[in-house]
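Okay, here's the structure, questions in a sec.
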Amino acid sequence: MNINETLRAFIQQAFQEIFGKKVENIALQATKKEFEGTHTLVVFPFSKELGEKPADIAQKIGNFLVEKCPIVEKCNAVQGFLNISLKKTAWLLVAKQLSEKKHFSLPAKNLKVVVEYSSPNTNKPLHLGHLRNIFLGFSISRMFSAYGYQVHKTQIINDRGIHICKSMLAYELFGKGETPDSSGLKGDHLIGKYYVMFDKLYKEQVQKLIAEGLTEEEAEKRAEAIQKAQEMLVKWEKGDSQVVELWKKLNGWVYEGFNATYAKLGVNFDSVYYESDTYLLGKDIIQEGLEKGIFYKKEDGSIWIDLTAEGLDHKLVLRADGTSVYITQDLGTADLRYKHHQMDKMIYVVGNEQDYHFKVLFLILKKLGRGYADGLHHLSYGMVELPTGKMKSREGTVVDADDLIEEVIGLAKAKTLEKMQAARTESSFSEVEKEKLFEMIGLGALKYFLLKIDPHKKILYNPEESVNFEGDAAPFIQYTHARIRSVLRKAQENNTNASWENYANLHSIEITLIYQLAEYANALQNAVEKYAPYILAQYVYELCKIFSIFYAECPILKAENAEAMQFRLLLCELTAETIKQGMYLLGIDVPEKM
RNA sequence: GGUUCCGUAGCUCAACUGGAUAGAGCAACUGCCUUCUAAGCAGUAGGUUACAGGUUCGAUUCCUGUCGGAAUCACCA
């Protein structure tokens, strides 16, 4: 039985029999707390069509439901709102259905989605902005998987270009053969160090040239460092073995560093694309577009597309010298992806600064007649900012990912030890268990903080107070789960097997809890359709709040009788399972005890 | 200048796609641990939803305009 569908069917019947009207799209919503009931029908929209006062319509529909619909207990018409209360037996039936746990993952749809996320540059370590990207991408992947999609997670690594050459050049100049082992630095941090060194050197040279009388623009072009870096790039493109060897060595270190961070975060990929393999792709598509008359060639030989009819500008797709620009290779990569995966959907997790780029990219693919173009989606998210303003790698105002991870785990450790000492439970955890717990809580808090916000809004990260351990935060959710597991362990010790089928004394908070548990499927669907993990985060948090009230109000192991206890244990089990599943989809683990 | 996104309590965020008296969490204040884990629960206080119009039974939500913030409009990626 599905409550919403049953109610809709009877409401439709009511309109038919009372007013002789067929009504579609009956919207039911959750009843506001201040009113009695759980489901509300808004009848204002029908008032005009039926020529009656909203309150009268509500009253008539209500009377009909009470009389005819077997799951309705009573109805309350308030102005144009009809608040419906269901029979307790209906709620017990819902609980019974939930106990079969079929709602956690949907049947396979035979649809494939490719999710691209993270996609870092190899010249510096990951930072807080990447973390938002990574958590969003990983969570979206799990959500689509639970929703029945076949999911392929991928990243495209930006491993070539002038920025890599900058690090390489600085390493050649100052590196003296330093390695991650000899320096004790993670590979990505080591390379990041040289990137910063390059920038310092470059700025000094620019300043000097300006002092000598050049304009800023000229100085930036003529500085020795940048010219050497460009020479290096040319050599790299020609396949100069010395440059390529250096490139391979340094990139290798960076990958080791990235992989260590990914492992720590608990995320992974099914495949990796490298720009060094794909940067020449897309030129044949340009040719195809020219032949189809979608692109046009300027006198200098550069190739463009006119998007003014779509309210956009003219856009360059190939340089006059025949080399690619960013969008050229993205066109090629899209085709390549489709060749590899024949996906129905492709989600690019990329910051909102590239909104325009993706708009153009999708539009061009559509004009080219690519069938897969309709399935492309840019999951755009806002920047993470600091109270001092935007993060800029070159200015050293970034929050490094590895540092941040250590920091939140440290905070979690301090907080957890404090709690354990207060409760005198520390001795019941082994050292290994404790370390694992600190990590789970620290990372959970960080992930939740970044995921609980609507992606298209920017995030303000305040190091002092952003990662919470109380209230609307992961530790509260993890704590709720641990609490439930504790009760369930105790219940097992003196296991009873009473039936709750005739449990009649259903408390109102128990109804609220069942209602919320049954909402899981809706929350998942809503989150998937909107590409929005925050909807799921919000759902789980709400569930935990409801459970906490239930926990405070309804004794479980000391319930008034055996059937009440058994029923509440079922609610506990379902809540724990729902929390665990929901958090899993966010990429967050929950502990058995804490 | 054009385009897009954002503006909600002191702070950080919600509001089920147009519904009822706009809700949570931090921070502040008051209670509750000899009873299943107090990272919790109960309560107080905090709002002209940036501003001005419009659409209608009804607007934080849709439309127009104004103000403020951000991004983008690169032969960078």
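In what follows, every chain begins at residue 1, and chains take the letters A, B, ... in the order their sequences are listed. What you see is a predicted model; the values in this text were computed from it and never measured.
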Find the distance Leu411(A):CG to rA39(B):C1' and express it as a whole number of Å.
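The answer, rounded to whole Å, is 14 Å.
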
Side chain of Ile549(A) only, please: which of rU37(B), rA77(B), rC41(B) is the nearest?
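For Ile549(A), the side-chain atoms sit closest to rC41(B).
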
Short side-chain N/O contact from Ser486(A) to OP1 or OP2 of rC36(B), under 4.0 Å:
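The answer is no; no side-chain N or O of Ser486(A) sits under 4.0 Å from OP1 or OP2.
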
Heavy atoms only, 4.0 Å cut-off, all strands: where does Phe476(A) land among base, sugar-phosphate and nothing?
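Here Phe476(A) touches the backbone only, sparing every base.
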
Could you run down the sub-3.5 Å N/O contacts of the protein with nucleotides 31-35 of chain B?
unit_1, atom_1, unit_2, atom_2, d
rU35(B), O2', Lys558(A), NZ, 2.9

Separation between the C1' atoms of rC67(B) and rG53(B), rounded to whole Å
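Pairwise C1' distance, rC67(B) against rG53(B), rounds to 15 Å.
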
C1'-based separation of rC76(B) from rU60(B) [nearest Å]:
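It comes out at 39 Å once rounded to the nearest Å.
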
If you pin Ala473(A) and Asn121(A) to their nearest nucleotides in RNA chain B, which one's is more 5'?
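In this pair, the answer is Ala473(A).
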
Residue Tyr479(A), side-chain atoms from C-beta onward, closest of rG40(B), rC36(B), rG25(B):
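Of the candidates, rG40(B) comes closest.
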
Please report, rounded to the nearest Å, how far the P atom of rC26(B) is from the NZ atom of Lys415(A).
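Rounding to the nearest Å, NZ of Lys415(A) and P of rC26(B) are 11 Å apart.
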
Would you list the pairs meeting side-chain hydrogen bond (donor to acceptor under 3.5 Å, both in side chains) in which at least one residue belongs to residues 441-454 of chain A, sequence neighbours left out?
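Only Tyr448(A)-Asp472(A), Asp454(A)-His456(A) qualify under side-chain hydrogen bond (donor to acceptor under 3.5 Å, both in side chains).
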
Between rA39(B) atom P and Ile484(A) atom CD1, what is the distance in whole Å?
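My rounded result for the distance is 15 Å.
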
Side-chain N or O of Tyr534(A) closer than 4.0 Å to phosphate OP1/OP2 of rA15(B)
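Yes.
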
Under 3.5 Å, side chain of Glu275(A) to main-chain N/O of Gly161(A), donor-acceptor pair present?
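Absent.
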
So what does Ser548(A) hit on the nucleic acid, given a heavy-atom distance under 4.0 Å: a base, only sugar-phosphate, or nothing?
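Here Ser548(A) touches the backbone only, sparing every base.
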
Grab the stems for RNA chain B, please: at least three consecutive Watson-Crick or wobble pairs, both distances below 3.5 Å, written as range with range.
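Expected stems, ordered by start: B:1-7 with B:67-73, B:10-13 with B:23-26, B:28-32 with B:40-44, B:50-54 with B:62-66.
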
Is there a side-chain contact between Asn76(A) and Phe81(A) in this structure, where contact means two heavy atoms from C-beta onward sitting under 4.5 Å apart?
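With C-beta onward as the side chain, the pair stays apart.
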
Nearest-nucleotide comparison on RNA chain B, the residue closer to the 5′ end among Trp304(A) and Leu437(A):
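Nearest nucleotide further toward 5': that of Leu437(A).
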
Show your reasoning for whether side-chain contact (heavy atoms from CB on, under 4.5 Å) applies to Asp159(A) and Ile164(A).
CA-CA 7 Å; Asp159(A) 61 345; Ile164(A) 312 314; 5.7 Å; no

Given the C1' atoms of rA24(B) and rA14(B), what is the spacing between them in whole Å?
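Nearest-Å result for rA24(B) against rA14(B) at atom C1': 7 Å.
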
When only distance counts, do a donor and an acceptor, one from the side chain of Asp300(A) and one from the base of rC75(B), lie under 3.5 Å apart?
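By the distance-only test, yes, there is a pair.
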
I'd like the P distance from rG65(B) over to rG1(B), given in whole Å.
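Each nucleotide's P atom is 15 Å from the other's.
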
Examine the side chains of Ser167(A) and Asn123(A) and answer whether a donor and an acceptor come within less than 3.5 Å of each other.
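The criterion, which ignores hydrogens and geometry beyond distance, is not satisfied for Asn123(A) and Ser167(A).
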
Look at all strands and tell whether Ala422(A) reaches a base, only sugar-phosphate, or nothing, counting heavy atoms closer than 4.0 Å.
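No contact at all - Ala422(A) keeps every heavy atom at 4.0 Å or more from the nucleic acid.
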
In terms of the angle between their ring planes, are His377(A) and Tyr531(A) parallel, tilted or perpendicular, with boundaries placed at 30° and 60°?
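The rings of His377(A) and Tyr531(A) lie parallel, inter-plane angle below 30°.
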
Integer angstrom distance from the P of rA45(B) to that of rG10(B):
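15 Å, rounded to whole Å.
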
rA71(B) to rC11(B) separation - C1' atoms, rounded to the nearest Å:
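So the two C1' atoms sit 24 Å from each other.
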
When the distance from OH of Tyr279(A) to C1' of rA77(B) is rounded to whole Å, what number comes out?
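Those two atoms, OH and C1', are 14 Å apart.
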
N-glycosidic conformation, rC73(B) - syn within 90 degrees of 0, else anti:
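Base orientation: anti.
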
Mind telling me whether Tyr326(A) and His357(A) have parallel, tilted or perpendicular rings, with 30° and 60° as the class edges?
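It falls in the parallel class, under 30°.
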
Write down the distance between CG (Leu570(A)) and P (rC36(B)), rounded to a whole number of angstrom.
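The answer, rounded to whole Å, is 22 Å.
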
Heavy atoms only, 4.0 Å cut-off, all strands: where does Lys315(A) land among base, sugar-phosphate and nothing?
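Here Lys315(A) touches no strand at all.
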
Below 4.0 angstrom, N of the basic side chain to O of the carboxylate: do Arg337(A) and Glu116(A) qualify?
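Yes, charged N to carboxylate O under 4.0 Å.
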
Check: Ile157(A) and Tyr274(A) side chains under 4.5 Å, non-hydrogen atoms:
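The answer is yes, as the side chains (C-beta and beyond) meet within the 4.5 Å cut-off.
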
How close or far is atom P of rG40(B) from atom CD of Glu418(A), stated in whole angstroms?
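Going from Glu418(A) (CD) to rG40(B) (P), I get 13 Å.
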
Classify Thr425(A) by what it touches in the nucleic acid, base, sugar-phosphate, or nothing, heavy-atom distance under 4.0 Å.
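Nothing, no nucleic acid heavy atom in range.
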
Rounded off to whole Å, could you give me the CD-to-C1' distance for the Glu353(A) and rC76(B) pair?
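Nearest whole value for this atom pair: 12 Å.
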
Taking any heavy-atom pair under 4.0 Å as a contact, classify Glu275(A): base, sugar-phosphate, or nothing.
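Result for Glu275(A) = sugar-phosphate.
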
Please determine whether side chain to side chain donor-acceptor pair (under 3.5 Å) holds for the pair Ser118(A) and Asn133(A), giving the CA-CA distance in whole Å, both sets of side-chain angles, and the decisive distance to 0.1 Å.
CA-CA 6 Å; Ser118(A) 190; Asn133(A) 180 308; 5.4 Å; no

Return a single string for nucleotides 17-24 of chain B, one symbol per nucleotide in 5' to 3' order, where B is base contact, S is sugar-phosphate-only contact and - is none, cutoff 4.0 angstrom on heavy atoms.
B-BB---S

Using the C1' atom in both, what is the distance from rU55(B) to rC16(B), to the nearest Å?
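24 Å, rounded to whole Å.
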
Would you classify rU17(B) as syn or anti? Syn applies when the glycosidic angle is within 90° of 0.
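Chi for rU17(B) falls in the syn range.
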
Contact summary for Leu233(A) and Ile162(A), nearest pair of heavy atoms:
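Result for this residue pair: CD2-N, 4.1 Å.
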
Close side-chain approach of Leu450(A) to Leu128(A), heavy-atom, < 4.5 Å:
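Leu450(A) reaches Leu128(A) side chain to side chain.
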
Sequence neighbours left out, what passes ring pair (Phe, Tyr, Trp, His ring centres under 6.0 Å) with Tyr381(A)? Give chain and number order.
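Ring pair (Phe, Tyr, Trp, His ring centres under 6.0 Å) list for Tyr381(A), sorted by chain: empty.
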
In whole angstrom, give the distance that lies between atom CZ of Phe429(A) and atom C1' of rA39(B).
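To the nearest whole Å, that distance equals 13 Å.
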
Mind checking Cys572(A) for me? I need base, sugar-phosphate or nothing, with any heavy atom below 4.0 Å counting as a touch.
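Answer is nothing: Cys572(A) stays at 4.0 Å or more from every strand.
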
Donor-acceptor pair, side chain of Arg483(A) and main chain of Ser548(A), under 3.5 angstrom
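Pair absent, no side-chain N/O of Arg483(A) close to backbone of Ser548(A).
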
Would you say a side-chain N or O of Arg483(A) is under 4.0 Å from OP1 or OP2 of rA38(B)?
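True: Arg483(A) side-chain N/O within range (under 4.0 Å) of rA38(B) OP1/OP2.
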
From rA14(B), rC75(B), rA77(B), nucleotide with atom closest to Gln538(A) side chain
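The listed nucleotide nearest to Gln538(A)'s side chain is rA14(B).
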
Looking only at heavy atoms, which two atoms of Ile556(A) and Met565(A) are closest? And how far apart?
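Looking at all heavy atoms of both residues, the shortest contact is O-CG, 3.3 Å.
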
Donor-acceptor under 3.5 Å (His378(A) side chain, Val350(A) main chain):
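Such a contact is found between His378(A) side chain and Val350(A) backbone.
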
Detail all sub-3.5 Å separations between protein N/O atoms and N/O atoms belonging to nucleotides 2-11 of chain B.
unit_1, atom_1, unit_2, atom_2, d
rC6(B), OP1, His456(A), NE2, 3.3
rG7(B), OP1, Lys457(A), NZ, 3.3

Tyr348(A) and Phe362(A) aromatic ring geometry - parallel, tilted or perpendicular at 30°/60° bounds:
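Correct class here is tilted.
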
Suppose you measure atom C1' in rG58(B) against the same atom in rU21(B); what distance do you get, rounded to whole Å?
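Pairwise C1' distance, rG58(B) against rU21(B), rounds to 14 Å.
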
